[in-house]
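The structure appears right after this line, and notes come after that.
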Amino acid sequence: MTDLVRSAGLSYYPEIARSVGLDPKQMMRKARLPLACLDKPDTPIAVAGLRRLLELSAEASGAEDFGLRLAERGGLTNFGAVGLIVREQATVGEAIEAFSRFIHIHHDGMRLDVARDGQIVTVTLHLRGRQPSAPRQAIDMALGSIHRIIQSLYGHDWRPQEVHLHYPPPRDRKRYREFYGCRVTFNAEHDAILLSARDMERRIPSAHPLIASYLRKRIEAIETRPASWEGKVDEVVRTLLAGGDCTVERVAEHLACTRRTIHRHLASSGTSFSAILDAQRADLVIQLIEDPDRPLADIATQLGFSAQSAMARWFRGRFGCTVTDWRKGIRPPTRPDAPSATAA
């Protein structure tokens, strides 16, 4: 199953890539990632594609700390709604627990375990992948980001007790000691950050309990990410359709697979790409035509129709009336094969 991650993690990629002599667009194409995701941070992209980009960039530039460089520039804002709820927690400990609980909303294949043993709390990173363990640059970016988040909550003078990394030591260990500000152990059993239990009790001055409660309710409503191929394709279609650029080829690009793979998996689930696209079009078109000043030709283009007349035929077949009638409130009784006005 393809794991997805929000493309916000690549917000600083072009800048970091250029700083080490790389052409960011060329590297994105090599990694088979859509260039548009650089401008749209909420775009779901394949975790495999992100990992491929990081490894290719590190290899091409010779910067073995490439993942750390990205983590260094990132922060809570890169994690969207998850970052917001983390920021509003009362203590650092509660913030880490919230991050652990909700991180899958940002990254399908990422999990954090938080365990206390006496006066030491261990935050262990788990990144799902086809290999026994995730590639090194992906670990550096993820664990480095966690370090930066805790540091931003506690203050820039904060340092972990230790950092453990499962992979062999790099050529420049000093770079890692400087980044984390503590002893870094390589060839460890897990990828983890160890901090003092006292650090967990540190209060966050900017926290707002009412905002935290509101955000928690909102994020709990979207907590379940799609786990099936049908759900993941549906999520990507919904995102791309809103931007006016949705084809099976573009969806395949975001899922790091081929169009044949998508068709095969959807067929085994008893559906098809055209059925998912049609359902998402039906949801979106109702929102778009509610604005009487929006030209129908523009709506047809956004929904991927070849012409306004093609959309008009589809709309009548789907809803049993014309767009003009719908806008006037003249609508037929709900048909079994069409979404209701309420659902739409």
Side-chain angles (χ1 to χ4, degrees), residues 1-10 13 24-57 106-109 128-131 134-135 138 224-285 288 298-311 313-315 317-318 337 339:
M1 183 64 63
T2 297
D3 284 328
L4 299 178
V5 60
R6 291 175 62 253
S7 59
L10 292 176
Y13 176 77
K25 292 184 178 180
Q26 183 181 31
M27 296 307 299
M28 292 281 287
R29 284 191 286 267
K30 282 186 178 181
R32 301 189 296 280
L33 281 172
L35 293 177
C37 73
L38 293 175
D39 302 317
K40 300 175 181 178
D42 283 323
T43 303
I45 58 174
V47 170
L50 173 61
R51 292 177 178 175
R52 186 164 52 243
L53 176 67
L54 298 180
E55 294 299 321
L56 287 173
S57 299
H106 169 79
H107 186 316
D108 277 348
R128 184 168 57 199
R130 294 180 180 177
Q131 300 176 341
T224 303
R225 290 291 303 275
S228 65
W229 271 92
E230 181 179 354
K232 289 180 183 293
V233 170
D234 186 74
E235 180 182 7
V236 176
V237 166
R238 183 168 60 253
T239 301
L240 295 182
L241 201 59
D245 185 16
C246 184
T247 63
V248 66
E249 289 81 11
R250 293 278 287 120
V251 173
E253 189 178 31
H254 281 257
L255 295 177
C257 65
T258 65
R259 57 182 295 172
R260 292 181 62 185
T261 299
I262 289 177
H263 289 314
R264 184 175 70 252
H265 282 291
L266 292 182
S268 68
S269 300
T271 187
S272 65
F273 179 80
S274 59
I276 291 175
L277 177 61
D278 190 66
Q280 286 298 334
R281 275 175 168 169
D283 284 341
L284 184 56
V285 73
L288 297 178
D298 291 350
I299 295 176
T301 298
Q302 177 171 345
L303 295 178
F305 290 102
S306 58
Q308 180 179 330
S309 57
M311 184 185 75
R313 289 191 297 272
W314 168 83
F315 191 93
R318 180 80 183 187
D337 62 336

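Here the structure is a predicted model, which is why all the values come from computation and not from measurement.
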What are the two closest non-hydrogen atoms of [X] and [Y], and how far apart are they?
X	Y	answer
C246	L277	SG-CD1, 4.1 Å
R259	A252	N-CB, 3.8 Å
G49	A31	O-CB, 4.1 Å
L38	L10	CD2-O, 3.8 Å
A307	A300	O-CB, 4.0 Å

Legend entry - L4 backbone acceptor or donor facing D108 side chain under 3.5 Å: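 Judged by distance alone, yes, a pair lies under 3.5 Å.
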
Legend entry - Donor-acceptor pair, side chain of R281 and main chain of L303, under 3.5 angstrom: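 Confirmed, R281 side chain pairs with L303 backbone.
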
Inset, instruction - For the residue pair L241 and Q302, establish whether any side-chain heavy-atom pair is separated by less than 4.5 Å. - result: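 No, their side chains stay 4.5 Å or more apart.
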
Legend entry - Sub-4.5 Å side-chain heavy-atom contact between W314 and V285: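 Of all side-chain heavy-atom pairs linking V285 with W314, at least one is under 4.5 Å.
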
What's the separation between atom [atom1] in [X] and atom [atom2] in [Y], rounded to the nearest 0.5 Å?
X	Y	atom1	atom2	result
Q308	I299	CD	CD1	8.5 Å
E253	L35	CD	CG	7.5 Å
I276	W229	CD1	CH2	11.0 Å
L33	H254	CG	NE2	9.0 Å
Y13	M27	OH	CE	4.5 Å
R32	C257	CZ	SG	11.0 Å

Atom pairs and distances, donor-acceptor, side-chain atoms in residues 260-273, under 3.5 Å, two or more places apart:
| residue | atom | partner | partner atom | Å |
| --- | --- | --- | --- | --- |
| T261 | OG1 | T258 | OG1 | 3.0 |
| S268 | OG | H265 | O | 2.6 |
| S269 | OG | H265 | O | 3.2 |
| S272 | OG | S274 | OG | 3.1 |
| S272 | OG | A275 | N | 3.2 |

Inset, instruction - Taking salt bridge (Lys or Arg N to Asp or Glu O under 4.0 Å) as the test, write out the residues that go with D278, two or more places apart. - result: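 Result, salt bridge (Lys or Arg N to Asp or Glu O under 4.0 Å) vs D278: R318.
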
Scan the side chains in residues 39-48 for donor-acceptor partners under 3.5 Å anywhere in the protein, sequence neighbours excluded, and list what turns up.
| residue | atom | partner | partner atom | Å |
| --- | --- | --- | --- | --- |
| D42 | OD1 | R6 | NE | 2.8 |
| D42 | OD1 | R6 | NH2 | 2.6 |
| T43 | OG1 | K40 | O | 2.9 |

